[in-house]
A.B. asks: 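Got a structure for you, questions after.
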Amino acid sequence: MRKRGKYGSGKKMTTADNDNPGVIAMPPLIFIIFLAIGILINLLVPLSFIHGSARFISGIIILLVSGIIVLSAQRRMKRSGTNIDVRKPSTAVVTGGIYSYTRNPMYMSMVILLIALAFLLNNLWVLIVIPFFMAVIRKGVIMREEAYLERKFGSEYTEYKKRVRRWI
């Protein structure tokens, strides 16, 4: 199971200590940091983008979409018997349900949640930070997870990557 790559060490996993992707931070923490950045910048330089009841209706609908996606992803992971917590070992490659459309539904739901909160807070800065959030999640979390899953599951995961896109 040895593989060398840009994000992999090439070492075979032998202990529970290194049987995880080694992400830079817990994804919910990264989410909170970027949401806070958007809110703090808005306190200094307010920037709204939509007015009226449409922003609340849109925000609630987008919020519901985010919730449906994350709940579906969590349910599928639990059904597969693998860990949701990125600090714990993965025990299976989850490919069914929402995972047959996107390899990262939970991170996609975080992006959608940021969009919903931007609408609900009428805060354009929250929308502006989304590409930066996505870049950090991609580099600091997803790339590390993918390298880990390739080391651990080999061709099972690489074949899945060929079939299913990262986001949508």
Side-chain angles (χ1 to χ4, degrees), residues 3 5-9 13 18-41 58-121 123-154 156-168:
K3 276 200 169 184
K6 186 174 179 183
Y7 299 96
S9 66
M13 288 176 280
N18 64 0
D19 191 7
N20 65 64
V23 300
I24 59 167
M26 292 293 291
L29 177 61
I30 298 169
F31 171 87
I32 290 167
I33 289 169
F34 278 90
L35 176 61
I37 289 169
I39 290 170
L40 291 172
I41 294 172
S58 300
I60 294 296
I61 291 169
I62 298 167
L63 182 73
L64 290 172
V65 169
S66 174
I68 290 167
I69 291 169
V70 76
L71 290 174
S72 173
Q74 288 176 340
R75 189 174 305 123
R76 182 58 66 166
M77 288 187 81
K78 285 180 183 176
R79 194 176 299 151
S80 296
T82 194
N83 290 304
I84 294 172
D85 187 338
V86 296
R87 297 170 296 185
K88 295 180 180 175
S90 281
T91 59
V93 176
V94 183
T95 61
I98 189 86
Y99 286 91
S100 62
Y101 301 102
T102 173
R103 295 194 314 259
N104 297 288
M106 290 195 207
Y107 307 138
M108 186 175 69
S109 75
M110 288 181 184
V111 170
I112 295 168
L113 181 56
L114 283 170
I115 295 167
L117 293 171
F119 273 82
L120 292 170
L121 299 171
N123 182 336
L124 186 59
W125 290 110
V126 173
L127 285 179
I128 291 169
V129 303
I130 289 174
F132 301 100
F133 167 78
M134 290 175 71
V136 169
I137 285 290
R138 181 181 172 276
K139 183 79 170 177
V141 179
I142 293 172
M143 299 303 289
R144 293 166 188 244
E145 286 180 341
E146 288 184 346
Y148 163 73
L149 293 170
E150 283 182 28
R151 285 190 312 271
K152 184 158 184 169
F153 297 106
E156 180 183 2
Y157 185 71
T158 56
E159 289 301 315
Y160 171 65
K161 275 178 55 174
K162 290 177 187 175
R163 289 190 317 271
V164 179
R165 296 179 68 145
R166 179 174 287 143
W167 294 99
I168 283 191

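Heads up: numbering here begins at 1 and tracks the sequence.
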A.B. asks: Could you list the residues that satisfy side-chain contact (heavy atoms from CB on, under 4.5 Å) with R79, not counting sequence neighbours?
C.D. replies: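 So R79 forms a side-chain contact (heavy atoms from CB on, under 4.5 Å) with R75, R76.
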A.B. asks: Determine which pairs satisfy side chain to side chain donor-acceptor pair (under 3.5 Å) with at least one residue from residues 106-115, sequence neighbours left out, and list them in order.
C.D. replies: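 Sorted result for residues 106-115: Y107-E145.
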A.B. asks: K161: which residues meet the side-chain contact (heavy atoms from CB on, under 4.5 Å) condition with it, sequence neighbours left out?
C.D. replies: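 Counting only residues at least two positions away or on another chain, K161 forms a side-chain contact (heavy atoms from CB on, under 4.5 Å) with R103, E146, E150, Y157.
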A.B. asks: Taking only residues two or more places apart in sequence, or in another chain, which ones meet M108 in a side-chain contact (heavy atoms from CB on, under 4.5 Å)?
C.D. replies: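 Only I69, T102, I112, W167, I168 meet the side-chain contact (heavy atoms from CB on, under 4.5 Å) criterion with M108.
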A.B. asks: Of the non-hydrogen atoms in N123 and I39, which two are nearest, and what is the gap between them?
C.D. replies: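 Residues N123 and I39, closest heavy atoms: ND2-CA, 3.7 Å.
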A.B. asks: Can you tell me how far the CZ atom of R166 sits from the CD1 atom of I137, to the nearest 0.5 Å?
C.D. replies: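 One gets 12.0 Å once the value is rounded to the nearest 0.5 Å.
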A.B. asks: Strictly by salt bridge (Lys or Arg N to Asp or Glu O under 4.0 Å), give each pair with a member in residues 64-74 just once, sequence neighbours left out.
C.D. replies: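 Every pair satisfying salt bridge (Lys or Arg N to Asp or Glu O under 4.0 Å) with a residue in residues 64-74: there are none.
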A.B. asks: To the closest 0.5 Å, what do you measure between CE (M77) and OG1 (T91)?
C.D. replies: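 If I round to the nearest 0.5 Å, the distance is 8.0 Å.
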A.B. asks: Look only at the side chain of N83 and the backbone of D85, and say whether a donor-acceptor pair between them is shorter than 3.5 Å.
C.D. replies: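 No: the side chain of N83 does not pair with the backbone of D85.
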A.B. asks: Applying salt bridge (Lys or Arg N to Asp or Glu O under 4.0 Å), name anything that partners E159, two or more places apart in sequence or on another chain.
C.D. replies: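 For E159, the residues satisfying salt bridge (Lys or Arg N to Asp or Glu O under 4.0 Å) (neighbours in sequence not counted) are K162.
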A.B. asks: So which pairs with a foot in residues 124-133 pass salt bridge (Lys or Arg N to Asp or Glu O under 4.0 Å), sequence neighbours left out?
C.D. replies: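 As it turns out, there is no salt bridge (Lys or Arg N to Asp or Glu O under 4.0 Å) pair with a partner in residues 124-133 once direct neighbours are skipped.
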A.B. asks: Could you pull out all residues at least two apart from R165 that satisfy side-chain contact (heavy atoms from CB on, under 4.5 Å)?
C.D. replies: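 R165 satisfies side-chain contact (heavy atoms from CB on, under 4.5 Å) with no residue once adjacent residues are dropped.
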A.B. asks: Just to verify, what does Q74 make a side chain to side chain donor-acceptor pair (under 3.5 Å) with, not counting sequence neighbours?
C.D. replies: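 Once residues adjacent in sequence are excluded, Q74 has no partner under the side chain to side chain donor-acceptor pair (under 3.5 Å) criterion.
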A.B. asks: Could you work out, with ring pair (Phe, Tyr, Trp, His ring centres under 6.0 Å) as the rule, every residue matching F133, not counting sequence neighbours?
C.D. replies: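 Checked F133 against ring pair (Phe, Tyr, Trp, His ring centres under 6.0 Å); matches are F34.
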A.B. asks: How many angstroms lie between OG1 in T158 and CG in L149, if you round to the nearest 0.5 Å?
C.D. replies: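 These two atoms lie 11.0 Å from each other.
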A.B. asks: Output yes when a side-chain donor or acceptor of S72 lies under 3.5 Å from a complementary backbone atom of G97, and no otherwise.
C.D. replies: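 Pair absent, no side-chain N/O of S72 close to backbone of G97.
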A.B. asks: Taking only residues two or more places apart in sequence, or in another chain, which ones meet Y99 in a ring pair (Phe, Tyr, Trp, His ring centres under 6.0 Å)?
C.D. replies: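 In terms of ring pair (Phe, Tyr, Trp, His ring centres under 6.0 Å), with neighbours along the sequence ignored, Y99 is linked to no residue.
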